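Just so we're on the same page: letters track the sequence lines, and every chain starts at 1. These numbers come from the heavy atoms of this one structure, side chains and all, not from hydrogens, waters or symmetry mates. Please read these numbers as outputs of a predicted model, since none were measured by experiment.
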2 protein chains.
Amino acid sequence: MASETSKSVGFEQHDHDVCLETAIKAAEAYCDRFKLQFTPLRRKVLEILLEEHRALGAYAILDLLRESGLGSQPPVAYRALSFLVEHGFAHKIERLNAFVACALPDTLHSPAFMICRKCDIVVEAQSPSSSFDLSATAIATGFDIEQTILEAEGICHSCVEKVPA
Amino acid sequence: MASETSKSVGFEQHDHDVCLETAIKAAEAYCDRFKLQFTPLRRKVLEILLEEHRALGAYAILDLLRESGLGSQPPVAYRALSFLVEHGFAHKIERLNAFVACALPDTLHSPAFMICRKCDIVVEAQSPSSSFDLSATAIATGFDIEQTILEAEGICHSCVEKVPA
DNA sequence: ATATTAATGATATATTATAACATTACAAGT
DNA sequence: ACTTGTAATGTTATAATATATCATTAATAT
Ligand SMILES: [Zn+2]
Ligand SMILES: [Zn+2]
Ligand SMILES: [Zn+2]
Ligand SMILES: [Zn+2]
């Protein structure tokens, strides 16, 4: 296959082959370390997300899986995606009902994204902190934020009281 | 009908009748001011959201609409919800595919929510600013945040260049 | 009154996601 | 190697969420 050495990601160019390989190797190492099964299916889905470098819906991913002969029914894609999200290799963009490879794998972070309403490109902010201020990233990348929504999931005090775990 | 004078909202008690009436009157005034049609259907959907004071899915809302004789098909609910969201009377909680009445109507704000993963109660943070720090609100209300996601929608610089508007 | 626009009604269908159960691969202990 | 339990995948069916389209009615403006 042809080897493209650079590709536009976020708003910048980068060596995409290296980027993809690095991410896959990192996932491999992580799974190794934590005794997780980085199966061909899971690897392929992560590769798809890394290759595209933008948010893809489950059914778009499923189409690509079908082409490569790995699975063809919705649960196959959703299960692989669950695994990737659960272990921090990917995120779900709720607003788009779509999934994107994590730009900061192996790093503890609260994901924050900038999503273009025209082209649906998704850029993950590089701020590992939990206090959110996208303005710097937005300015740096030339992204014009129009509206923002923060959704925090957790447990309310009345639910904590009700049950042990 | 029976008049309940207080109801648990967020994590506190409040006079719910007053709360509901105030919000409806505010919406009425706003629509009046901006020549928007606050139709019986739209009013009813807002009332439903205010009454429940938690996130409701479109189909749950539709069931309640049906009971009151106002519309029974999905587009009816979705159109009313679009109107309410568009004009800031309600928000969509993407994570839940559900809708909630805005707690700060008529106030310019970037919505931020705390969502309990057990009971799905949704509390809108009272911070009108766009820099997000939920920790204060979380501590004050006894909510234990487990994970947070920020999604900013806007337009990337390459899309801005492509078109006039 | 009439034209224009906005809202609603109604039917059909698209899109996203999961439940349930069968089968296969893997890991661990014997 | 054999058994046993567990995890992953295959497969079918269906649930839940959302929109496209066109017909009808209501509101607004000229
Ligand atoms: Zn990430
Ligand atoms: Zn764009
Ligand atoms: Zn609000
Ligand atoms: Zn709760």
Side-chain angles (χ1 to χ4, degrees), chain A residues 27-28 31-46 48-49 55-87 89-100 115 117 120 122 151, chain B residues 27-28 30-46 48-49 55-87 89-100 115 117 120 151:
Chain A
E28 221 164 41
C31 289
D32 214 59
R33 180 145 44 100
F34 292 100
K35 307 278 184 208
L36 304 170
Q37 296 180 236
F38 195 49
T39 63
L41 177 64
R42 290 165 176 178
R43 172 190 294 260
K44 182 65 189 176
V45 173
L46 183 53
I48 288 170
L49 291 176
L56 289 177
Y59 283 77
I61 290 164
L62 190 54
D63 286 343
L64 295 169
L65 280 181
R66 217 176 263 124
E67 282 174 23
S68 61
L70 285 158
S72 61
Q73 296 312 118
V76 171
Y78 280 103
R79 285 191 290 228
L81 287 166
S82 294
F83 172 87
L84 296 176
V85 168
E86 197 174 334
H87 296 100
F89 305 128
H91 299 290
K92 179 172 184 187
I93 309 296
E94 299 286 353
R95 185 167 185 95
L96 301 176
N97 294 316
F99 301 83
V100 70
I115 306 154
R117 69 173 148 77
D120 275 2
V122 171
E151 297 185 7
Chain B
E28 222 164 40
Y30 183 97
C31 289
D32 215 59
R33 181 148 42 101
F34 292 98
K35 307 280 185 207
L36 304 171
Q37 294 180 238
F38 196 50
T39 64
L41 177 64
R42 291 165 175 178
R43 171 190 295 260
K44 182 66 187 176
V45 173
L46 182 54
I48 288 170
L49 291 176
L56 289 177
Y59 284 75
I61 290 164
L62 190 54
D63 287 343
L64 296 169
L65 280 181
R66 218 175 262 123
E67 283 174 23
S68 61
L70 284 158
S72 60
Q73 295 312 119
V76 171
Y78 281 103
R79 286 191 289 228
L81 287 166
S82 294
F83 172 87
L84 296 175
V85 168
E86 196 173 335
H87 295 100
F89 304 130
H91 299 290
K92 179 171 185 186
I93 309 295
E94 299 286 353
R95 187 168 185 96
L96 302 176
N97 293 318
F99 302 82
V100 69
I115 307 154
R117 70 173 147 78
D120 275 1
E151 297 186 7

Student: Round to the nearest Å and state the distance from F99(B) atom CZ to dA16(D) atom C1'.
Tutor: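 From F99(B) CZ to dA16(D) C1': 13 Å.
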
Student: Using heavy atoms to find the nearest nucleotide of DNA chain C for S82(A) and G71(B) separately, return the residue whose nucleotide is more 5′.
Tutor: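 Counting from the 5' end, the first nearest nucleotide belongs to G71(B).
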
Student: Within a strict 4.5 Å, meaning less than it, do heavy atoms of the R66(A) and L62(A) side chains meet?
Tutor: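 Contact flag for R66(A)/L62(A) side chains = yes.
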
Student: Taking 4.0 Å as the cut-off, does a side-chain nitrogen or oxygen of K92(A) come that near to OP1 or OP2 on dA17(C)?
Tutor: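 For dA17(C), OP1/OP2 do have a side-chain N/O of K92(A) under 4.0 Å.
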
Student: Can you tell me which residue among D63(A), V45(A), I48(A) is in a side-chain contact (heavy atoms from CB on, under 4.5 Å) with L56(A)?
Tutor: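 In the set D63(A), V45(A), I48(A), the residue that makes a side-chain contact (heavy atoms from CB on, under 4.5 Å) with L56(A) is I48(A).
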
Student: Can you tell me if the side-chain N/O atoms of Y78(A) get under 4.0 Å from OP1 or OP2 in dA17(C)?
Tutor: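 Yes.
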
Student: Quick one: L65(A) CG to dT9(D) P, roughly how many Å, whole number?
Tutor: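 From L65(A) CG to dT9(D) P: 11 Å.
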
Student: Do the rings of F89(A) and F83(A) sit parallel, tilted or perpendicular, given the 30° and 60° boundaries?
Tutor: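 Geometry flag for F83(A) against F89(A): tilted rings.
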
Student: Using a 4.0 Å heavy-atom cut-off, does R42(B) contact any base of the nucleic acid, only the sugar-phosphate backbone, or nothing at all?
Tutor: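 R42(B): backbone/sugar contact only, no base atoms under 4.0 Å.
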
Student: Let me know the distance between CZ of R79(A) and C1' of dA25(C), rounded to the nearest Å.
Tutor: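 Taking atom C1' of dA25(C) as the reference, CZ of R79(A) is at 14 Å.
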
Student: What closest approach, in Å, do I93(A) and V100(A) show between heavy atoms, and which atom pair accounts for it?
Tutor: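 Smallest interatomic distance, heavy atoms only, reads CD1-CG1, 3.9 Å.
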
Student: Expressed in angstrom and rounded to an integer, what is the separation of L81(A) atom CG from dT16(C) atom P?
Tutor: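 Rounded to whole Å, this separation is 13 Å.
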
Student: Please confirm whether the shortest side-chain N or O distance from Y59(B) to OP1 or OP2 of dT17(D) is below 4.0 Å.
Tutor: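 For Y59(B), the contact criterion (side-chain N or O under 4.0 Å from OP1 or OP2 of dT17(D)) is not met.
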
Student: For a quick test of reading the model, state the closest non-hydrogen atom pair linking L96(B) to A55(B) and the distance between them.
Tutor: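 Shortest heavy-atom contact: CD1-CB, 4.0 Å.
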
Student: Which atom pair, heavy atoms only, marks the closest approach of E151(B) to E94(A)?
Tutor: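 Nearest heavy atoms, E151(B) then E94(A): OE2-N, 2.9 Å.
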
Student: If you define the side chain from C-beta out and look only at heavy atoms, does anything of L70(B) sit under 4.5 Å from V76(B)?
Tutor: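 Sidechains of V76(B) and L70(B): no contact.
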
Student: Tell me whether the side-chain N/O atoms of N97(B) come closer than 4.0 Å to OP1 or OP2 in dT16(C).
Tutor: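 For dT16(C), neither OP1 nor OP2 has a side-chain N or O of N97(B) closer than 4.0 Å.
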
Student: In whole angstrom, what separates E94(A)'s CD from dT16(C)'s P?
Tutor: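 Computing the E94(A):CD to dT16(C):P distance gives 13 Å.
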
Student: Just the rounded figure in Å: distance from C1' of dA18(D) to CG of L96(B).
Tutor: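 Computing the L96(B):CG to dA18(D):C1' distance gives 16 Å.
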
Student: Can you tell me if R43(B) uses its side chain to pair, donor with acceptor, with the backbone of F38(B) under 3.5 Å?
Tutor: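 Pair absent, no side-chain N/O of R43(B) close to backbone of F38(B).
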
Student: Find the bend of the helix from dA1(C)-dT30(D) to dT30(C)-dA1(D) as the angle between its two terminal axes (five pairs each), to the nearest 10°.
Tutor: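 Computed from the C1' atoms at both ends, the axes differ by 30°.
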
Student: Rounded to whole Å, how long is the line connecting atom CD of Q73(A) with atom P of dT16(C)?
Tutor: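 That distance rounds to 16 Å.
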
Student: Residues from residues 32-41 of chain B sitting under 4.0 Å of DNA chain C, heavy atoms only?
Tutor: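 Within residues 32-41 of chain B, the residues near DNA chain C are Q37(B), T39(B), L41(B).
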
Student: Less than 4.5 Å apart, side chain to side chain, heavy atoms only: is that true for D32(A) and E28(A)?
Tutor: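 SC-SC contact between D32(A) and E28(A) ruled out.
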
Student: Rounded to the nearest Å, what distance is computed from the CZ atom of residue R43(B) to the C1' atom of nucleotide dA7(C)?
Tutor: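 Taking atom C1' of dA7(C) as the reference, CZ of R43(B) is at 16 Å.
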
